[in-house]
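In this text, all values refer to a predicted model and were calculated from it rather than measured experimentally. Each residue takes its place number in the sequence, starting with 1.
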Amino acid sequence: MTNDTVPPPTQPTTPVKPPAAGGRSLRGASITAGVGILVMAALAPFGVFFAVDGLVTQGDAARTAADITASEGLFRAGIASLLLVIALDVVIACALYRVFSPVNKGVSLLAMAFRLVYSGIYLVAVGHLLAVPRLLDGDAGPSAFSPDQLHAQALSEINAFNDVWALALGLFGLHLLTIGYLAFRSGYAPRVLGVLLAIAGLGYVIDTFGAIAVQDSWTDVSSFTFLGELLLALWLVIRGRLVRVPSARGFLAEDE
């Protein structure tokens with residue numbers, strides 16, 4: 001007599017999906033960086049070109065002082081917007097590290113360091129602006145200073161802000177150059193985006209050296225090469241959030 005053994009029923013096999021945690025964190029970092037850049041693109045021009053430079057008349061300290069005093073709320077709002085920009089820079093630096101660290105962690109750390117150091121120097125630059133309302137309100141400096149001297153000192157603080165910021169932008173340019181390299185090598189970001197980011201970064205580096213060498217007659221190259229920054233923000237929000245790391249072999253776009 002033979003005992004026929006019936007094999008246990010086989011369990012249906014289902015394909016194992018890769019962990020979604022990496023994809024989720026990459027999406028979050030992409031959206032954080034992209035939205036941060038877009039918000040910063042609105043705050044920075046308001047703070048620099050409208051609230052600060054818009055109230056400054058170079059070579060006329062008395063008129064500059066009168067305009068800032070008459071629109072002190074706007075001037076202070078500009079300073080507040082620049083402080084928000086600095087905070088966003090820190091957040092964006094960390095988020096971009098998360099987005100591009102799978103390409104090369106060392107280079108991504110370098111890119112983050114460039115932006116963080118830039119943010120620190122930018123904070124020092126904005127500190128010069130904080131002194132301006134105190135000078136014009138008469139809350140700073142000995143009473144021996146005449147109004148004309150205080151006005152001249154206030155204008156000097158504004159010029160110091162612009163000078164320190166111009167020097168710091170060289171570091172921001174190096175950050176963009178590094179991010180451009182990572183985007184070009186990533187395989188999941190468009191290579192043309194990497195090229196445009198490198199061009200934008202090079203524009204800031206050239207501007208820094210140009211400001212040192214030529215001073216007032218220099219025309220900002222970055223005014224014509226900034227396109228890569230805007231396209232990076234749009235790619236991060238629209239396409240970058242779909243990038244995930246399913247395996248060690250490469251990067252795939254998440255199924256829609």
Can you find a heavy atom in the side chain of [X] that is under 4.5 Å from one in the side chain of [Y]?
| X | Y | value |
| --- | --- | --- |
| C94 | R98 | no |
| D67 | R63 | yes |
| W165 | V48 | yes |
| L55 | I158 | no |
| Y118 | L174 | no |
| N162 | V52 | no |
| R185 | V107 | no |

In Å, rounded to the nearest 0.5 Å, how long is the span from [atom1] of [X] to [atom2] of [Y]?
| X | Y | atom1 | atom2 | result |
| --- | --- | --- | --- | --- |
| F184 | I179 | CZ | CD1 | 15.5 Å |
| E157 | R134 | CD | CZ | 8.0 Å |
| L136 | T64 | CG | OG1 | 9.5 Å |
| D207 | L202 | CG | CG | 9.5 Å |
| R239 | R241 | CZ | CZ | 8.0 Å |
| L197 | L227 | CG | CG | 9.5 Å |

Polar side-chain atom of [X] near backbone of [Y] as donor-acceptor pair, under 3.5 Å:
| X | Y | result |
| --- | --- | --- |
| S186 | A189 | yes |
| S101 | S108 | no |
| S156 | A152 | no |

Check this for me: F46, atom CZ, are more than 12 non-hydrogen atoms of other residues, nucleotides or ligands nearer than 6.0 Å?
yes
Any chain of hydrophobic side-chain contacts (each under 4.5 Å) joining [X] to [Y]?
| X | Y | value |
| --- | --- | --- |
| I199 | F226 | no |
| V117 | L109 | no |
| L169 | V124 | no |
| V91 | W235 | no |
| L96 | L110 | yes |

Given F161 and V132, is the side-chain contact (heavy atoms from CB on, under 4.5 Å) satisfied, shown in steps?
CA-CA 11 Å; F161 159 74; V132 173; over 6 Å; no
Looking at L232, L176, L231, which one forms a side-chain contact (heavy atoms from CB on, under 4.5 Å) with L196?
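That would be L231.
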Between H175, R115, M112, which is the residue that forms a side-chain contact (heavy atoms from CB on, under 4.5 Å) with I92?
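When side-chain contact (heavy atoms from CB on, under 4.5 Å) is applied between I92 and each of H175, R115, M112, only R115 qualifies.
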What are the two closest non-hydrogen atoms of [X] and [Y], and how far apart are they?
| X | Y | answer |
| --- | --- | --- |
| G194 | A183 | CA-CB, 3.9 Å |
| V99 | S30 | CG2-OG, 3.6 Å |
| A29 | A95 | O-CB, 3.5 Å |
| L129 | L82 | CD1-CD1, 3.9 Å |
| T178 | A111 | CG2-CB, 3.7 Å |
| A233 | I37 | CB-CG2, 3.6 Å |

Evaluate side-chain contact (heavy atoms from CB on, under 4.5 Å) for Y122 paired with V85, printing each intermediate quantity in order.
CA-CA 10 Å; Y122 195 12; V85 166; 4.1 Å; yes
Carefully, step by step, assess V103 and Y188 under the rule side-chain contact (heavy atoms from CB on, under 4.5 Å).
CA-CA 10 Å; V103 183; Y188 53 87; 3.5 Å; yes
Would you sort out whether L116 and Y97 count as a side-chain contact (heavy atoms from CB on, under 4.5 Å), showing the intermediate values?
CA-CA 11 Å; L116 291 178; Y97 168 77; over 6 Å; no
Determine the interplanar angle of the Y204 and F172 rings, folded into 0 to 90°, and report it as parallel if under 30°, tilted if 30 to 60°, perpendicular if over 60°.
perpendicular
